[in-house]
Amino acid sequence: MKVLVIGAGNAGRPAARLLSHLNNRVLVNDVRELHELPLKARKRIAEMEDEGVMFRFGGHSMEDILWADAVFISPNIPQDAPVRKMVREAGDLVHITTSDIGRTLNELIGLPMVGVAGTDGKTTTTNMIDHILSSRYRTVSFSSLQDSLVIEGLVELVVNGDIGDRDLAVFELPHGTIRMAEGLELSAGVVTNLTPDHMDEFSDYDEYIERNFSIKDLMAPGGVLALCGDDPVISSLLDDLEVENVVYGVGEKRTVEFMGRRFTGSASIQVRASDIELRGLAGSTFTLNVSEIQTAICSTCGALNCREHDGAVSVGPLRERINLRVPGIFNIENALAAITVALILGFDMEDIKRSIEDFRGIRGRFEFIDEVDGVRVYMDAAHNPESMEKLFEGMEFQGRLIVSLDNPDTLTVRDKERIGRVLAERADTIIVSAKNETTGVTDMEAADEVARGAGEERTIKTESVYDSIRRALEIAEPGDTILHIGPGVVNAYENVRSDIEEALKSVEDCVVVLGGLGNVGSLMARNLRARGHRVVVSDLREDTPLADVLREEGIHLDLGGHDPEILRRARTVAITPALENNRKILDLTGGLDADVIGVEDVLNMCPVDKPVVGVTGTNGKTTTTGMLKSIMRVAGMRVPEHHLNIQGNTELVPALQARLPGDVAVVEIGTFGRRGEIRSSAMLSGVSVGVITNISRDHLSAGRRFSDYIECKGEMVEVAEDLVLNADDPIVASLADGLPRERVVFYGIQSSESGGVVPEGRECPKCGKPLRYTRRTMGHLGDYQCICGYLRPQPDVMAIEASPGGFKLVIGQEMREVRLATPGIFNVYNALAAAATAWTMGLEIDDIVRGLESFKGVPGRFQELSESPRIILDYAHNPAGVRAVMQDLRGKGRLIVVNTVASESGIDGDREIAAILKDADVVIPASYAARRASDILGERAVHIGSSRMRAGGGTLGASREQVAEAVRKALELAGPDDTVLIIGEGGYRYAEESIR
């Protein structure tokens with residue numbers, strides 16, 4: 001006949017292959033495209049096409065249905081699927097059912113068969129049974145271990161003509177394929193347990209139980225079913241069971257709870273394990289007690305499943321001491337099931353004992369992988385809460401237990417919080433991979449759910465099994481045990497095993513980063529670690545604020561010196577730029593048998609693999625960067641952090657930060673006023689979107705001109721593909737001249753409610769004449785024009801009704817209200833820069849608003865440390881920054897300023913800052929530079945003794961002692977309604993500890 005098989009899944013494929021083998025012309029239809037099917041299915045389909053089976057993917061057609069004489073519809077096709085209606089409308093077609101397929105196979109095979117059903121333990125039990133039976137017979141076995149579904153395996157036997165070479169068949173019957181087994185006749189069967197799993201595939205628990213327990217309908221005349229009496233669900237079904245059965249178990253009462261239902265109790269047991277002695281990973285010993293049980297052997301002719309005579313041989317009572325090599329209570333139950341089946345099939349107890357004691361386990365079932373530095377590594381397929389509880393029942397470990405877990409979800413979604421709780425009861429540390437090994441999808445939320453159940457403090461989240469095992473090896477000590485578990489051990493055994501073995505192999509080598517506690521060194525180490533290298537940071541320093549970050553990412557720390565043994569084992573030694581010409585370091589590495597690399601090598605080894613936003617400008621870089629990261633994270637993106645206590649990132653820091661793992665990088669790019677600096681940093685960072693916040697006079701010492709500084713900031717235009725520019729800054733806006741309009745997004749404040757602007761003049765960037773302002777929002781920012789025709793461009797992203805506390809954000813035709821947790825007109829500009837960048841990258845306006853409103857500020861940026869008196873800490877270190885902060889300070893009492901600045905523009909910058917501070921009531925110069933410029937402040941200046949001496953260096957200006965003395969003086973002078981403003985890098989570094 002011409003047969004149409006609907007569905008190319010696990011039911012449709014074997015049915016089609018069998019029907020084709022029986023000389024029918026077979027066409028298989030599936031609504032999915034071929035590439036949407038699992039790889040194993042695609043390989044099988046290619047083999048079937050070679051055998052003459054036809055396939056058509058991407059939908060069902062009436063033409064194909066009318067072509068056919070008969071149709072087989074996979075049981076997985078929903079009853080309300082449109083194709084079923086099409087088949088009904090087609091008229092008189094022969095309908096081939098799953099029972100037709102099963103009966104045909106049963107007739108063609110003619111072998112005694114054993115089937116194993118249930119939730120957990122099917123694979124081990126199937127292979128234990130096969131191990132015993134194969135000592136006497138030529139068996140064929142199908143299970144997840146053999147990577148073969150039972151029906152596909154049986155069809156394979158028929159198609160290849162291998163039936164005559166076999167005496168017995170033993171196979172797993174998972175719930176997904178047991179329906180295809182309808183029509184087969186089993187000489188013996190097993191139900192291991194019926195705990196809830198795969199529940200998203202069933203309407204309720206009763207349907208799941210009924211599906212798995214349907215093995216009872218497959219029993220041949222005279223066949224016997226072995227059932228676990230410890231399982232309360234199975235126990236509740238025994239009274240209505242009409243087939244011959246034998247109950248086995250250890251006699252423990254258990255409880256199963258699901259969706260408000262509670263099953264308790266146990267059955268009368270005929271094959272029991274007593275006097276159990278668990279020997280940890282070495283296995284167990286127990287006494288086997290067998291009461292009189294019925295076998296499947298005819299008492300008249302001795303045949304198996306005899307159809308001619310009544311009566312069967314009985315066996316027992318028996319008593320035997322059994323030594324199992326495989327560990328755990330769960331394996332005792334599996335062994336009892338296998339022993340029971342062997343007795344049912346007429347095996348002698350002596351042969352059974354010899355075979356079961358010789359069983360050494362199967363792959364993926366508490367399988368020993370290797371031992372590394374005294375740490376033993378195992379893997380097991382436990383993947384739901386019940387199987388995990390059984391796995392650990394009675395199990396003892398000498399050292400700590402570190403559990404590595406792959407994503408518990410397959411195509412089935414499991415209760416991951418409960419899994420976390422179960423593991424937390426036994427494991428010292430849980431390391432969970434977010435990768436679903438069945439689908440290949442990385443789902444970090446799944447790892448988060450496990451962590452919520454286990455407790456965040458004892459859970460480590462990774463992206464792969466490889467990373468998990470590497471992390472486990474890094475925290476393990478001699479005597480500890482690492483156990484990897486999860487559904488991937490079944491569904492992707494080779495991949496998971498390979499990941500584990502590669503991780504074990506990798507610990508033999510390591511990369512040592514000398515000087516790895518520095519800014520550049522730490523980022524070199526983190527990038528190498530992110531690329532899978534085992535990394536050790538070796539540094540003379542004994543501690544670092546980065547210790548937790550480095551350890552969390554799996555980097556070992558060798559602090560307080562350079563351990564010769566660690567260096568001896570190193571495959572590679574990475575030297576930071578600061579140490580490249582250090583004689584001691586060169587002597588240290590000269591005699592090593594290791595590759596020596598530098599930062600350039602690390603940059604080449606770790607290419608940029610994501611979009612990168614580069615933020616530059618005189619002021620607002622750090623806050624704009626923070627706001628943009630907040631938006632990205634609200635939108636579900638991962639954004640790498642450098643975790644360094646620095647401001648105004650320069651040189652190599654942005655380039656290394658951009659290479660850290662994430663979906664998008666946002667890096668701050670500063671300058672010391674040197675030409676080529678921003679261009680080089682942006683190019684090394686792979687900047688694709690460049691942001692320029694504003695340009696004010698800064699870094700103008702040593703004879704540098706403002707025009708040179710402008711040219712430095714403008715280098716971003718040469719590198720970035722897209723630009724986000726401040727329309728309200730005449731110099732920044734002018735950088736767009738000559739560029740295609742589509743490359744540029746302008747932002748600006750269209751209307752504001754602020755007053756008291758501290759003005760700053762600007763010359764026209766075209767003709768050099770003074771600009772005329774029709775509206776100022778801050779310093780030199782606002783709505784400007786020149787008699788030469790140069791004027792402010794219209795913003796694409798704008799704020800209206802802007803005030804220090806918020807604004808209305810307008811992008812195109814959309815408008816949203818934005819409330820800022822960090823107030824200030826300067827923060828309105830920072831928010832607009834972040835919003836314009838996010839919009840340029842395709843983010844939605846609602847995500848932009850949520851990200852801005854959830855941003856709580858960055859340390860040292862208008863950071864409020866106290867309410868009474870009000871104490872504000874700000875990193876402002878140049879005239880424009882100080883002007884912006886002063887503009888937004890309003891209070892009832894006096895304003896007291898602690899000035900720790902040493903301007904990068906020298907005495908001119910210091911004097912300009914002092915002039916801006918004339919609006920304060922009291923100014924306390926904390927740095928020598930601030931004191932030197934304070935003569936214009938008159939009586940407002942209140943001096944401290946230590947500021948007479950130079951201290952610090954560069955922009956640091958003030959030392960810890962100078963800041964502490966100035967803060968003490970400010971707090972002595974301040975009343976409860978006064979405001980104390982602390983500005984400069986010295987204040988940023990030292991003021992908080994002084995206030996405490």
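Here the structure is a predicted model, which means the values were calculated and not measured.
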From CA spacing to verdict: side-chain hydrogen bond (donor to acceptor under 3.5 Å, both in side chains), Asn127, Asp130:
CA-CA 5 Å; Asn127 285 274; Asp130 182 62; over 6 Å; no
Contact between [X] and [Y] at the side-chain level, heavy atoms closer than 4.5 Å - yes or no?
{"X": "Glu333", "Y": "Cys228", "value": "yes"}
{"X": "Thr104", "Y": "Val158", "value": "no"}
{"X": "Leu186", "Y": "Leu173", "value": "yes"}
{"X": "Glu386", "Y": "Val422", "value": "no"}
{"X": "Val315", "Y": "Ile293", "value": "yes"}
{"X": "Leu423", "Y": "Phe392", "value": "yes"}
{"X": "Thr410", "Y": "Val490", "value": "no"}
{"X": "Leu133", "Y": "Phe347", "value": "yes"}

Can you tell me if [X] uses its side chain to pair, donor with acceptor, with the backbone of [Y] under 3.5 Å?
{"X": "Asp428", "Y": "Arg400", "answer": "no"}
{"X": "Ser387", "Y": "Ala382", "answer": "no"}
{"X": "Thr287", "Y": "Asp275", "answer": "no"}
{"X": "Glu396", "Y": "Gly280", "answer": "no"}
{"X": "Asn331", "Y": "Pro327", "answer": "yes"}
{"X": "Asp231", "Y": "Leu194", "answer": "yes"}
{"X": "Ser20", "Y": "Ala16", "answer": "no"}
{"X": "Ser235", "Y": "Gly229", "answer": "yes"}
{"X": "Thr124", "Y": "Gly121", "answer": "no"}
{"X": "His131", "Y": "Ser355", "answer": "yes"}

Could you please spell out the steps behind the side chain to side chain contact (heavy atoms under 4.5 Å, CB included) verdict for Phe171 and Leu184?
CA-CA 12 Å; Phe171 43 76; Leu184 295 181; 4.1 Å; yes
Ignoring hydrogens and angles, state whether a donor on the side chain of [X] or [Y] is under 3.5 Å from an acceptor on the partner side chain.
{"X": "Ser141", "Y": "Thr139", "result": "no"}
{"X": "Arg279", "Y": "Ser284", "result": "no"}
{"X": "Glu172", "Y": "Thr126", "result": "no"}
{"X": "Thr97", "Y": "Asp100", "result": "yes"}

Between [atom1] on residue [X] and [atom2] on residue [Y], distance to nearest 0.5 Å:
{"X": "Arg166", "Y": "Leu111", "atom1": "CZ", "atom2": "CG", "value": "9.5 Å"}
{"X": "Arg354", "Y": "Ile356", "atom1": "CZ", "atom2": "CD1", "value": "13.0 Å"}
{"X": "Leu405", "Y": "His484", "atom1": "CG", "atom2": "NE2", "value": "7.0 Å"}
{"X": "Asn407", "Y": "Thr438", "atom1": "CG", "atom2": "OG1", "value": "8.5 Å"}
{"X": "Ile485", "Y": "Met379", "atom1": "CD1", "atom2": "CE", "value": "11.5 Å"}
{"X": "Phe286", "Y": "Leu278", "atom1": "CZ", "atom2": "CG", "value": "11.0 Å"}

Check [Y] with [X], please: is the shortest side-chain N to carboxylate O separation under 4.0 Å?
{"X": "Glu257", "Y": "Arg418", "value": "no"}
{"X": "Glu277", "Y": "Arg321", "value": "yes"}
{"X": "Glu156", "Y": "Arg44", "value": "yes"}

Give the table of side-chain donor-acceptor pairs shorter than 3.5 Å for residues 236-253, with sequence neighbours excluded, one pair per line with atom names and distance.
| unit_1 | atom_1 | unit_2 | atom_2 | d |
| --- | --- | --- | --- | --- |
| Ser236 | OG | Val233 | O | 2.6 |
| Asn245 | ND2 | Val243 | O | 3.1 |

Measure across [X] and [Y] and return the closest heavy-atom pair with its distance rounded to 0.1 Å.
{"X": "Pro221", "Y": "Arg307", "result": "CG-NH1, 3.4 Å"}
{"X": "Val224", "Y": "Met219", "result": "O-CE, 3.4 Å"}
{"X": "Glu437", "Y": "Gly488", "result": "CB-CA, 3.7 Å"}
{"X": "Val155", "Y": "Leu18", "result": "CG1-N, 3.9 Å"}
{"X": "Asp409", "Y": "Pro487", "result": "O-CG, 4.2 Å"}
{"X": "Tyr205", "Y": "Pro196", "result": "OH-CD, 3.4 Å"}

Return yes when atom CG of Asp165 has more than 12 non-hydrogen atoms of other residues, nucleotides or ligands closer than 6.0 Å, and no otherwise.
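Yes, enclosed.
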Does Glu210, at its CD atom, have more than 12 non-hydrogen atoms belonging to other residues, nucleotides or ligands within less than 6.0 Å?
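No, not enclosed.
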What residues form a salt bridge (Lys or Arg N to Asp or Glu O under 4.0 Å) with Arg136, not counting sequence neighbours?
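Applying salt bridge (Lys or Arg N to Asp or Glu O under 4.0 Å) to Arg136 gives Asp351.
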Any side chain to side chain donor-acceptor pair (under 3.5 Å) pairs touching residues 290-300, not counting sequence neighbours?
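Non-adjacent pairs meeting side chain to side chain donor-acceptor pair (under 3.5 Å): zero.
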Residue pair Leu304, Ile297: steps toward the side chain to side chain contact (heavy atoms under 4.5 Å, CB included) verdict:
CA-CA 5 Å; Leu304 191 63; Ile297 307 299; 3.6 Å; yes
Can you check side chain to side chain contact (heavy atoms under 4.5 Å, CB included) on Val432 and Lys416, steps first, answer last?
CA-CA 11 Å; Val432 54; Lys416 293 172 283 295; over 6 Å; no
Candidates Leu318, Ile332, Ile322 - the one meeting side-chain contact (heavy atoms from CB on, under 4.5 Å) with Leu288
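When Leu318, Ile332, Ile322 are each tested with Leu288, the side-chain contact (heavy atoms from CB on, under 4.5 Å) holds only for Ile322.
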Qualifying residue for side-chain hydrogen bond (donor to acceptor under 3.5 Å, both in side chains) with Asn384, from Asp120, Thr412, Thr119, Asp415:
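For Asn384, the side-chain hydrogen bond (donor to acceptor under 3.5 Å, both in side chains) check succeeds only for Asp120.
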Apply salt bridge (charged side-chain N to carboxylate O under 4.0 Å, His left out) to Arg138 and Asp167, showing your working.
CA-CA 5 Å; Arg138 297 170 301 172; Asp167 302 313; 3.1 Å; yes
For Phe366 and Phe397, take the angle between the two ring planes, folded into 0 to 90°, and tell me which bin it lands in: parallel under 30, tilted 30 to 60, perpendicular over 60.
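The arrangement is parallel - the two ring planes meet at less than 30°.
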Report the C-alpha distance between Cys301 and Glu308 in whole Å, list the side-chain angles of each, state the deciding distance to 0.1 Å, and finish with yes or no for side chain to side chain contact (heavy atoms under 4.5 Å, CB included).
CA-CA 9 Å; Cys301 66; Glu308 299 181 10; over 6 Å; no
